[in-house]
Enquirer: 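For reference, the structure I am asking about is given below.
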Amino acid sequence: MTQIQVIPGDITQFAGDAIVNAANTTLMGGGGVDGAIHRAAGPALYAACEKFHGCPTGEARITSGFALPAKYIIHTPGPVWRDGRHGEPELLANSYRNSLQLTDEYGCQTVAFPSISTGVYAFPLDQAAPIAIRTIREFLRTAQHVQTVTMVCFDPVTEQAYQTALNA
Ligand code: APR
């Protein structure tokens with residue numbers, strides 16, 4: 001029986017199989033959750049990311065979790081919000097779907113996501129949350145290994161948006 005959970009917290013503390021990083025296309029770190037994950041994983045993560053030579057928006061790359069409690073980190077650059085008419089919704093769905101596919105390929109049963117693109121990338125939260133929940137639900141219908149997907153929300157407004165989308 002698969003499930004989706006929405007919890008408050010800091011994703012670097014997640015002790016499941018994999019966490020997803022809201023990265024940028026260089027994969028060379030940044031602020032927000034990307035910065036938090038690189039700080040917590042340690043400098044070996046930077047070296048592991050260099051070998052990818054970047055990652056296109058909506059795609060995903062996997063590394064070890066290094067010093068994190070999670071075994072793996074899935075790095076996905078979400079879309080930068082412009083006006084919603086430049087493929088942003090589809091690219092956000094791709095980030096969730098491609099991250100889940102990679103997680104499943106690596107046999108993970110539990111995976112945590114931050115709220116991709118709703119920080120620095122300014123994707124409206126009330127549009128991003130339903131896209132995320134719908135994409136995760138769709139994936140879980142055919143997942144081979146993934147059992148539980150957890151949205152780890154850094155603030156109460158974000159948590160409420162995902163809880164609302166989950167209950168819709
Ligand atoms: N745990 C969970 N969520 C977090 C954490 C954390 N430790 N830190 C921040 N967040 C949340 C933010 O509050 C926001 O809800 O992650 C969500 C995504 O925000 P950003 O980190 O700004 O990511 P995004 O909007 O996708 O922008 C990506 O920002 O940090 C840079 O290198 C990154 O260029 C990329 C861009």
Side-chain angles (χ1 to χ4, degrees), residues 2-12 14 16 18-39 49 52-63 70 72-105 108 110-143 146 148-168:
T2 60
Q3 62 171 355
I4 304 174
Q5 295 172 334
V6 175
I7 64 170
D10 170 354
I11 201 167
T12 64
F14 183 76
I19 65 167
V20 177
N21 179 21
N24 59 54
T25 53
T26 71
L27 294 191
M28 293 284 87
V33 70
D34 194 5
I37 288 172
H38 272 269
R39 277 193 300 279
C49 287
F52 294 121
H53 303 297
C55 178
T57 298
E59 292 191 21
R61 301 288 186 268
I62 190 168
T63 66
Y72 297 109
I73 308 168
I74 312 284
H75 306 265
T76 184
V80 176
W81 180 260
R82 293 172 64 182
D83 55 12
R85 294 198 302 275
H86 289 78
E88 300 97 317
E90 296 74 22
L91 286 166
L92 183 63
N94 290 351
S95 271
Y96 281 94
R97 189 178 314 107
N98 289 325
S99 297
L100 286 164
Q101 275 166 353
L102 204 41
T103 305
D104 211 39
E105 279 167 31
C108 300
T110 59
V111 56
F113 281 90
S115 177
I116 298 172
S117 284
T118 66
V120 165
Y121 282 1
F123 203 114
L125 190 51
D126 62 334
Q127 294 185 54
I131 290 170
I133 297 298
R134 187 168 52 241
T135 307
I136 294 166
R137 266 201 188 111
E138 172 70 25
F139 178 83
L140 286 177
R141 277 208 279 270
T142 58
V146 175
T148 305
V149 179
T150 303
M151 292 304 308
V152 179
C153 303
F154 209 48
D155 62 79
V157 172
T158 299
E159 184 183 0
Q160 184 56 51
Y162 283 89
Q163 198 60 57
T164 301
L166 186 59
N167 299 337

Enquirer: Given C49 and H38, is the side-chain contact (heavy atoms from CB on, under 4.5 Å) satisfied, shown in steps?
Expert: CA-CA 10 Å; C49 287; H38 272 269; 4.2 Å; yes
Enquirer: Mind listing the closest non-hydrogen atom pair of T103 and V146 along with its distance?
Expert: CG2-CG2, 4.0 Å
Enquirer: Any pair with a residue in residues 130-139 that passes salt bridge (Lys or Arg N to Asp or Glu O under 4.0 Å), sequence neighbours left out, goes on the list, sorted by first then second residue, please.
Expert: E138-R141
Enquirer: Taking the side chain as every heavy atom from C-beta outward, state whether D10 and V152 have any pair of such atoms under 4.5 Å apart.
Expert: no
Enquirer: Could you check whether S115 and Y162, counting side-chain N and O atoms only, form a donor-acceptor pair closer than 3.5 Å?
Expert: yes
Enquirer: If I take atom OG1 from residue T12 and atom CG from residue N21, how far apart are they, to the nearest 0.5 angstrom?
Expert: 11.0 Å
Enquirer: Considering all heavy atoms of both residues, which atom of A129 and which atom of A161 are nearest to each other, and what is their separation?
Expert: CB-O, 3.6 Å
Enquirer: Once rounded to the nearest 0.5 Å, what's the spacing between atom CZ of R39 and atom CG of D34?
Expert: 9.5 Å
Enquirer: Who passes ring-ring contact (aromatic ring centres under 6.0 Å, His included) against F14, sequence neighbours left out?
Expert: none
Enquirer: Can you tell me how far apart CD1 (I74) and SG (C108) are? Round to the nearest 0.5 Å.
Expert: 6.0 Å
Enquirer: Return the NE2 to CZ distance between H53 and R61, rounded to the nearest 0.5 Å.
Expert: 11.5 Å
Enquirer: What are the two closest heavy atoms between G16 and T110, and how far apart are they?
Expert: CA-OG1, 3.4 Å
Enquirer: How close do G84 and E88 get, heavy atom to heavy atom, and via which atoms?
Expert: N-OE2, 2.8 Å
Enquirer: I'd like to know if the side chain of N24 reaches the main chain of L27, judged simply by a donor and an acceptor atom lying under 3.5 Å from each other, with no hydrogens or angles considered.
Expert: yes
Enquirer: Do F123 and I131 pass the side-chain contact (heavy atoms from CB on, under 4.5 Å) test, and can you show the C-alpha distance, the side-chain angles, and the key distance before you say yes or no?
Expert: CA-CA 11 Å; F123 203 114; I131 290 170; 3.9 Å; yes
Enquirer: Does some side-chain heavy atom of V20 sit less than 4.5 Å from a side-chain heavy atom of P114?
Expert: yes
Enquirer: Nearest 0.5 Å please: distance from the NE2 atom of H75 over to the CD1 atom of I19.
Expert: 8.0 Å
Enquirer: Determine whether a donor-acceptor pair (N or O, by modelled atom type, separation under 3.5 Å) exists between the side chain of S95 and the backbone of A60.
Expert: no
Enquirer: Evaluate the side-chain contact (heavy atoms from CB on, under 4.5 Å) criterion for residues L166 and M151: first the C-alpha distance (whole Å), next the side-chain angles of each, then the deciding distance (0.1 Å), finally the verdict.
Expert: CA-CA 10 Å; L166 186 59; M151 292 304 308; over 6 Å; no
Enquirer: Specify the closest pair of heavy atoms between T76 and I116, including all atoms of both residues, with the distance to one decimal.
Expert: CG2-CD1, 3.8 Å
Enquirer: Can you list everything that forms a side-chain hydrogen bond (donor to acceptor under 3.5 Å, both in side chains) with T2? Sequence neighbours excluded, please.
Expert: none
Enquirer: Distance check, rounded to the nearest 0.5 Å: I62 atom CD1 versus F52 atom CZ?
Expert: 8.5 Å
Enquirer: May I ask you to check whether Y96 and F113 place their ring centers less than 6.0 Å from one another?
Expert: yes
Enquirer: If you take all heavy atoms of D104 and F139, which pair is closest and at what distance?
Expert: CB-CZ, 3.7 Å
